2 protein chains.
Amino acid sequence: MQLSNSSQYAIRILAYMADQKDSRLMNATELAETLSIPYKFLTKIMTELVKAGLVVSIRGREGGYKFKKKTSEIMVSDILDIFNDSVKDEQCVLGIGFCNGMCKCALHDQWMEPKHLLQKMFRESSLEDIAGEGCKI
Amino acid sequence: MQLSNSSQYAIRILAYMADQKDSRLMNATELAETLSIPYKFLTKIMTELVKAGLVVSIRGREGGYKFKKKTSEIMVSDILDIFNDSVKDEQCVLGIGFCNGMCKCALHDQWMEPKHLLQKMFRESSLEDIAGEGCKI
DNA sequence: TACAATTACTACTTAAAGGTAGAATTAAAA
DNA sequence: TTTTAATTCTACCTTTAAGTAGTAATTGTA
Ligand code: SF4
Ligand code: SF4
């Protein structure tokens with residue numbers, strides 16, 4: 001009952017990037033060191049974020065990464081989607097999901113509310129929101 | 001963001017057992033076939049449930065499994081605990097959890113409510129509840 | 001007692017997630 | 001133009017979850 005490492009890392013990376021005042025380019029070495037994420041794994045994740053269209057990369061000397069969209073327009077759920085980690089509408093608590101609405105177990109209705117809260121939280125929290133408040137994550 | 005296979009299987013197995021009227025012994029072969037769970041994997045899980053004290057096993061011919069406690073006294077969270085799959089109090093949404101209360105990200109407070117609902121759901125739903133309602137899972 | 005039906009144990013295999021290594025590519029700077 | 005600092009690609013390694021195989025131990029029944 002937890003997000004994958006990749007999702008966690010991605011959120012931390014992007015939240016850190018969003019937290020920088022100027023939208024300067026940031027390179028993988030700096031990000032890996034600052035956030036204590038294995039360099040090679042970080043670059044792998046960054047490449048996925050580039051492919052997903054969340055950030056753009058500038059290759060070559062003096063290169064790095066920057067956001068493609070405004071941080072207020074990137075939602076946490078957008079990040080989770082990339083790693084197939086978001087809470088789907090049809091997703092059953094038990095991960096079973098071959099029961100229909102007509103025929104539900106005792107958990108079915110109880111799961112609706114937390115599920116909606118989680119979806120709301122992920123869908124309505126932008127990187128700007130996360131970066132703005134509190135300390136770094 | 002989902003329970004492990006072992007947890008899912010265990011819940012389904014126990015819910016099915018709880019659903020039987022008489023508290024007869026049920027053997028692994030029957031359970032595996034009825035619930036479409038790989039026989040060998042099922043016996044592995046059953047052994048863990050025995051060790052955890054949820055069910056007792058009778059070995060040898062005419063043997064099988066039966067509950068050790070009343071089904072109204074076995075909570076879903078008891079099952080999740082065995083497979084280390086329950087939602088912990090300290091558990092951060094992001095699985096990071098090196099932030100303290102003083103220094104929280106935008107998700108921190110929003111996570112509290114769904115977390116409590118999940119915990120409540122798992123802690124207050126017994127096998128009897130699940131078995132009684134609706135169809136088999 | 002011998003047999004058959006059952007769970008328990010030990011060890012292995014497979015699949016997926018997590019992580020690493022090295023070379024190829026790119027482009028600014030010297 | 002050469003060097004250097006950066007991303008990207010391909011391939012591999014490691015760890016954990018998931019699943020399988022074979023055998024030992026147990027016990028009711030014939
Ligand atoms: S009835 Fe229960 S098992 Fe079936 S989809 Fe709903 S929550 Fe999942
Ligand atoms: S502040 Fe955010 S990252 Fe830190 S423990 Fe709370 S939810 Fe997790």
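Only a predicted model underlies this, so the values are computations on that prediction, with no experimental measurement involved. Residue numbers start from 1 in every chain, and the chains themselves are labelled A, B, ... in the order their sequence lines are given, proteins ahead of strands.
- Considering only residues two or more places apart in sequence or on other chains, B:Q91 meets the side-chain contact (heavy atoms from CB on, under 4.5 Å) condition with A:Q2, B:K88.
- Across all strands, A:T29 comes closer than 4.0 Å to no nucleic acid atom at all (heavy-atom distances).
- Taking atom NZ of A:K66 as the reference point, atom P of D:dA6 lies 16 Å away to the nearest angstrom.
- A salt bridge links A:E30 with A:R24; the closest basic N to acidic carboxylate O contact falls under 4.0 Å.
- Between A:W111 and B:M121, the shortest heavy-atom distance links the atoms N-SD, 3.6 Å.
- B:Y9 comes within 4.0 angstrom of the backbone, heavy atoms only, and of no base.
- Checking the phosphate oxygens (OP1, OP2) of C:dC9, no side-chain nitrogen or oxygen of B:T47 falls inside 4.0 Å.
- Taking atom CG of A:L31 as the reference point, atom C1' of D:dA6 lies 13 Å away to the nearest angstrom.
- If you check residues 38-46 of chain A against DNA chain C, the residues with a heavy atom closer than 4.0 Å are A:P38, A:K40, A:F41, A:K44, listed by number.
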Polar atom pairs between nucleotides 15-17 of chain D and protein, under 3.5 Å, N or O only, would you list them?
none

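- At D:dA18, one or more side-chain N or O atoms of B:S6 fall inside 4.0 Å of OP1 or OP2 (strictly under the cut-off).
- We find that CE of B:M1 is positioned 18 Å from C1' of C:dA17, with the value rounded to whole Å.
- Donor-acceptor pairing under 3.5 Å is lacking for the side chains of B:N27 and B:E62.
- Residue A:S7 comes nearest to A:D85 through the heavy atom pair OG-OD2, 2.8 Å, listed as atom of the first residue, atom of the second, then distance.
- Between A:F83 atom CZ and C:dG18 atom C1' there is a gap of 12 Å when expressed in whole angstrom units.
- Note: CZ (B:R59) to C1' (C:dA4) measures 15 Å, nearest angstrom.
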Enumerate donor-acceptor pairs with a distance under 3.5 Å from any side-chain N or O in residues 66-78 of chain B to protein atoms, sequence neighbours excluded.
| unit_1 | atom_1 | unit_2 | atom_2 | d |
| --- | --- | --- | --- | --- |
| B:D78 | OD2 | B:M75 | N | 2.9 |

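- Side chain of B:T43 to main chain of B:K40: a donor-acceptor pair is present (N/O by atom type, distance under 3.5 Å, no hydrogens or angles).
- Take A:N5 and apply the side-chain hydrogen bond (donor to acceptor under 3.5 Å, both in side chains) test, not counting sequence neighbours, and it matches no residue.
- Taking atom CG of A:L25 as the reference point, atom P of C:dT26 lies 18 Å away to the nearest angstrom.
- Counting all heavy atoms, side chain and backbone alike, A:E124 lies closest to A:D129 at O-OD2, 3.6 Å.
- A:A10 approaches A:F83 most closely through the heavy-atom pair CB-CE1, 3.6 Å.
- Distance A:D85 CG to C:dA17 P: 10 Å, rounded to the nearest Å.
- Rounding to the nearest 0.5 Å gives a distance of 9.5 Å between CD1 of B:I37 and CE of B:M46.
- Per the geometry, CD1 belonging to B:I58 stands 18 Å off C1' belonging to C:dA4, to the nearest Å.
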Polar atom pairs (N or O), protein with nucleotides 28-30 of chain C, under 3.5 Å:
| unit_1 | atom_1 | unit_2 | atom_2 | d |
| --- | --- | --- | --- | --- |
| C:dA28 | O4' | A:R61 | O | 3.4 |

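- Taking each heavy atom of A:Q119 and A:V87 in turn, the nearest pair found is NE2-O, 2.9 Å.
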